[in-house]
S.K.: 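Got a structure for you, questions after.
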Amino acid sequence: MFDYIIIGAGFAGSVLAERIVNKLNKKVLIIEKRNHIGGNCYDERIENILVHKYGPHLFHTDEKQVWDYLSNFTEWDIYHHKVLAFIDGKKVPIPFNFNALYEVFPIELSCRIEKKLLENYEYNSKVPILKLKQSNDKDLKFLADFVYEKIFVHYTAKQWDKKPEEIDSEVTARVPVFIGKDDRYFNDKYQGIPKEGYTSLFQKMLNHPNIKIMLNTDFREVFKIDQDTKKIYFLNQEFKGRLIFTGKIDELFDYKFGELPYRSVRMKFETLEKEYYQEVATVNYPNNYDFTRITEFKYIHPVETNKTVILKEYPQKYIKNQNTPYYPIFTKENQEKYNKYLEFSNNFKNIILVGRLAEYKYYDMDDIIKRALEVFEEKVK
Ligand code: UDP
């Protein structure tokens, strides 16, 4: 019947489905819990404005291979994401850079700090805030403490319910202090937004007679994993093909080693009767309100209309069966729990695990596409 069954129609599952049918000419069934494909990249129109239903997704990569691969399924609009942070009544560029420096401090102090930054770091380099905080120089320590307090502490408390030191250092390093004047959020070589949106890109990727898609279906309704015999059953028959699983690894194995924790986000969309609401696509509010940021989608997909749609993101604790698991919480303890699941999964020779939820990893879109292409070469082919 099917050579491969894939659980989840986000990037991990969809890239693998596409490769399997086009390169191996095998049959694939995708099972997806939601009523749509595209995972968290899913977009749809509100008031004719294309919005990202699961939060802003801006494509950026340094990997030509990933850019070329996706270009098979979409044309691109050039788009360079800009973010401002609202601090002390001003909106300054994020990542915090020289332009932000001159906006928040008097000119003499800004000049002195800029000079010191250039003596200590290369122009156009990125310095994680927790690194900058270790500086012995009085002025650089002053800057680090300011940025830490005004931009990181309270945002991170909202987003993770933790202090910046308590989460994996890679997370805050995603938004470094930038030693230069580039106001863009990302500096990758390739940046853009799919011309017709992500949903359309996924439709093209999955449009193949050998791909069947079953929406609105929790895999547990159709699959049974026998943890003793290590056999898997699809609709009560033993499935001898390969199962590519992109969902939560703890759910796959019935939480036998306990739950893996996540952060969730409540997405609140608002339609406003005005042409524009804010200055750029995203404004972060580290110190005010319960939401972390507001994104205005007209900046991402420009369209002529007198209305605008904004999204406020309210971070939440993830609660099983109630909200969406967005961000793995990367602590030593959670990593150890994940490792137990991973080790157990090695007993199942026909299960392949890939994706943010299955690998418990904070993958960006380009990272997961790269990973899925690697998994295809190394484990699927
Ligand atoms: N962050 C922060 N203040 C900001 C922006 C980011 O403290 O204004 C921290 C916060 O801990 C956040 C992390 O940096 O979770 C990564 O931010 P990014 O914008 O990359 O997160 P994403 O877009 O994936 O939610």
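All ligand and atom numbering here is 1-based and tracks the order in the structure. Residue numbers start at 1 and run along the sequence shown. Since the model is a prediction, treat every value here as computed from it, not as a measurement.
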S.K.: Who's the nearest protein heavy-atom neighbour of atom 25 (O) of ligand 1, and how far?
M.R.: Y327 OH, 2.5 Å

S.K.: Any pair with a residue in residues 224-243 that passes ring pair (Phe, Tyr, Trp, His ring centres under 6.0 Å), sequence neighbours left out, goes on the list, sorted by first then second residue, please.
M.R.: F223-F234

S.K.: Answer side chain, backbone, both or neither: which part of V175 comes under 4.0 Å from ligand 1, heavy atoms only.
M.R.: side chain

S.K.: What's the shortest distance from atom 11 (O) of ligand 1 to any protein heavy atom, and which residue and atom give it?
M.R.: T156 OG1, 3.0 Å

S.K.: For ligand 1, which is the ligand I care about here, please tell me if I151 has any N or O atom under 3.5 Å from one of the ligand's N or O atoms.
M.R.: yes

S.K.: So if I count the atoms of ligand 1 from 1 in the order they appear, which ones are less than 4.0 Å from some heavy atom of Q159?
M.R.: 15 (O)

S.K.: Give the atom numbers and elements of ligand 1 that come within less than 4.0 Å of a heavy atom of R293.
M.R.: 19 (O), 22 (P), 23 (O), 25 (O)

S.K.: Judging by distance only, is a nitrogen or oxygen of Y155 under 3.5 angstrom from one on ligand 1?
M.R.: no

S.K.: With distance as the sole criterion, is a donor-acceptor pair present between the side chains of N97 and D183 under 3.5 Å?
M.R.: yes

S.K.: My understanding is that we take every heavy atom of each candidate and find the minimum distance to atom 21 (O) of ligand 1. Doing that for Y362, Y285, F186, which one comes out nearest?
M.R.: Y362

S.K.: Show me which atoms of ligand 1 lie under 4.0 Å from any heavy atom of N284.
M.R.: 4 (C), 5 (C), 8 (O)

S.K.: Give, for atom CD1 of I369 and atom CG of L16, the distance between the pair rounded to the nearest 0.5 Å.
M.R.: 11.5 Å

S.K.: Looking at atom 20 (O) of ligand 1, what's its closest protein heavy atom, distance included?
M.R.: R174 NE, 2.8 Å

S.K.: Would you mind telling me if ligand 1 is within reach of the side chain of Y185, the backbone, both or neither, using heavy atoms under 4.0 Å?
M.R.: side chain

